[in-house]
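Start at 1 with the first residue, then count along the sequence. Start at 1 and go down the list; that is how both ligands and their atoms are numbered. When reading the values below, keep in mind they use all heavy atoms of this one structure, side chains included, and skip hydrogens, waters and symmetry mates.
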Amino acid sequence: MAVSQNKPLPKNIKYGIVLDAGSSHTNLYVYAWPAEKENDTGVVHQVEVCKVEGLGISGYSQDTEKAGLSLQQCMKRAQEVVPEQQHGETPVYLGATAGMRLLSLQNRSIADRVLSAVEKMLHSSPFNFQGARVISGQEEGAYGWITINYLLGNFRQPGWLNFLPHLRSSRGTSGALDLGGASTQITFVPDQEPIESQENSLHFRLYGKNYNVYTHSFLCYGKDQALRLKLASDLQASSTRNGSLLDPCFHPGYLRIMNISDLYTNPCIANGEQQLPFTQLHLQGNGDYQRCRMTIQKIFNTSHCPYSSCSFNGIFLPPLQGEFGAFSAFYFVMNFLNLTTEKNPVPLDKVTSTVERFCSRPWHEVKAEFPKIKEKYLSEYCFSGTYILSLLENGYGFTTEKWQSIQFLGKIGSSDAGWTLGYMLNLTNMIPAEKPPTRPLSHASYVGLMVFCSLVLVAVLLLGWLTFHKPKCLQKGLI
Ligand SMILES: O=P(O)(O)OP(=O)(O)OP(=O)(O)OC[C@H]1O[C@@H](n2cnc3c(O)ncnc32)[C@H](O)[C@@H]1O
Ligand SMILES: [Ca+2]
């Protein structure tokens with residue numbers, strides 16, 4: 001036991017857990033940070049992500065208990081990641097997004113039962129359960145924006161090296177674009193002030209600085225619900241008598257059969273089912289990007305705008321400003337199409353031609369090339385790529401030039417881009433409103449600075465000595 005004296009003291013690490021209960025699935029994130037640096041920027045980072053098997057919690061409306069049980073495996077994983085003696089002090093939060101917002105609109109009591117089932121499960125875990133709730137679209141946008149700016153270091157205050165002009169950070173904040181399965185969010189700091197519409201306006205004071213942020217969450221415009229909107233609009237425009245539809249957003253040779261009742265089961269699609277003389281929809285792909293884009297265009301209503309400028313459906317959108325980070329399905333789809341790998345953003349015309357070429361490829365060929373990718377994902381990359389272009393170009397007005405300011409992000413460092421980190425930082429009060437007092441230099445920086453100064457001093461002395469006492473060997477004409 002005597003040797004244990006020489007062991008370095010263990011670092012005091014704290015942990016926090018957030019479950020992102022999305023419309024398509026649930027992810028559990030474990031975050032960690034050194035306890036003594038709690039209020040610094042950029043110290044909290046993701047140490048684990050666990051993907052919950054099966055459906056998103058809103059998918060268990062027929063058997064609500066299963067929503068709770070589905071989380072068991074990832075909760076076990078979290079118990080392995082967080083040291084046992086810290087389980088009791090580690091907070092756990094669950095935030096549900098658009099899938100649960102839709103279920104609440106459709107049937108409030110079932111949605112409450114789903115939430116109770118997940119609460120019961122999380123209460124029974126050894127962690128410090130802090131609540132499960134449906135977060136608003138505004139919160140989802142805001143926390144996504146906080147997450148990426150925290151991770152990108154954009155809230156960082158000038159440090160002691162900032163007297164050197166080339167090291168001074170002049171960066172502002174980055175906008176956040178999030179594409180989920182059931183909703184999509186756009187959040188950024190506009191130039192224009194004040195923000196014309198109250199419900200799209202947020203105010204933050206972070207690390208001593210004020211931020212006026214624009215945000216909007218479009219319910220039903222996540223990529224799964226957008227596909228439903230598009231199909232419902234196609235059906236309305238078609239004169240099919242047997243439910244067969246040619247779909248330009250799927251590959252030539254692709255066939256999908258859907259129950260009409262599944263299409264009309266949520267509040268995104270207003271009634272219309274009753275008039276149809278068939279119960280199934282037979283979709284037949286023909287991979288025509290231009291036509292696909294035209295059919296998607298119909299789900300964006302741009303006929304009215306009660307503000308100085310709008311995105312679509314009469315929703316206020318100020319002029320786009322600054323850089324944007326685009327994550328979740330924006331990233332999954334662009335990454336699959338190899339459009340995120342280059343250092344500089346891929347130009348809009350190259351993105352368009354890549355999606356166009358991909359859509360035109362026969363389904364059997366695509367399937368043979370990517371046998372390991374889930375068929376649900378693979379079959380929808382053509383639609384999703386086209387939808388992303390429609391949403392960003394036509395919906396939000398990203399022009400060829402503005403497109404260059406979008407960066408598609410999966411992770412920033414070890415952490416996934418998404419709303420969960422911002423949510424936890426806020427609920428644990430880890431983002432102070434005021435700038436924390438600057439701490440004295442750390443030991444390492446102090447030693448570094450001393451060594452640097454000593455070297456400069458030695459160099460100056462040597463130079464002086466050489467100048468005034470030129471050694472004989474350096475004097476001209478000696479040889
Ligand atoms: O935010 P909400 O709307 O509640 O939805 P979500 O949280 O479940 O949405 P995700 O960002 O997890 O996923 C967005 C969509 O991308 C799909 N998706 C997830 N992983 C993917 C991958 O690797 N390739 C293609 N699509 C993927 C998923 O099925 C959804 O349709
Ligand atoms: Ca999401």
For Ile388, the option from Leu339, Val351, Val355, Leu179 that meets side-chain contact (heavy atoms from CB on, under 4.5 Å): Leu179
By salt bridge (charged side-chain N to carboxylate O under 4.0 Å, His left out) - contacts of Glu65 (at least two apart): Lys120
Neighbour list for ligand 1 [protein residues, heavy atom under 4.0 Å]: Gly22, Ser23, Ser24, His25, Thr97, Ala98, Glu140, Leu179, Gly180, Gly181, Ala182, Ser183, Lys223, Asp224, Ser328, Ala329, Phe332, Tyr377, Tyr381
Non-neighbouring partners of Gln185 that pass side chain to side chain donor-acceptor pair (under 3.5 Å), sequence neighbours left out: Glu140, Asp178, Ser183, Ser217
Aromatic ring pairing Phe398/Phe324, orientation class (parallel under 30°, perpendicular over 60°, tilted between): perpendicular
Geometric class of the Tyr377/Tyr381 ring pair [parallel <30°, tilted 30-60°, perpendicular >60°]: tilted
Salt bridge (charged side-chain N to carboxylate O under 4.0 Å, His left out) involving Arg357 - partner list, sequence neighbours excluded: none
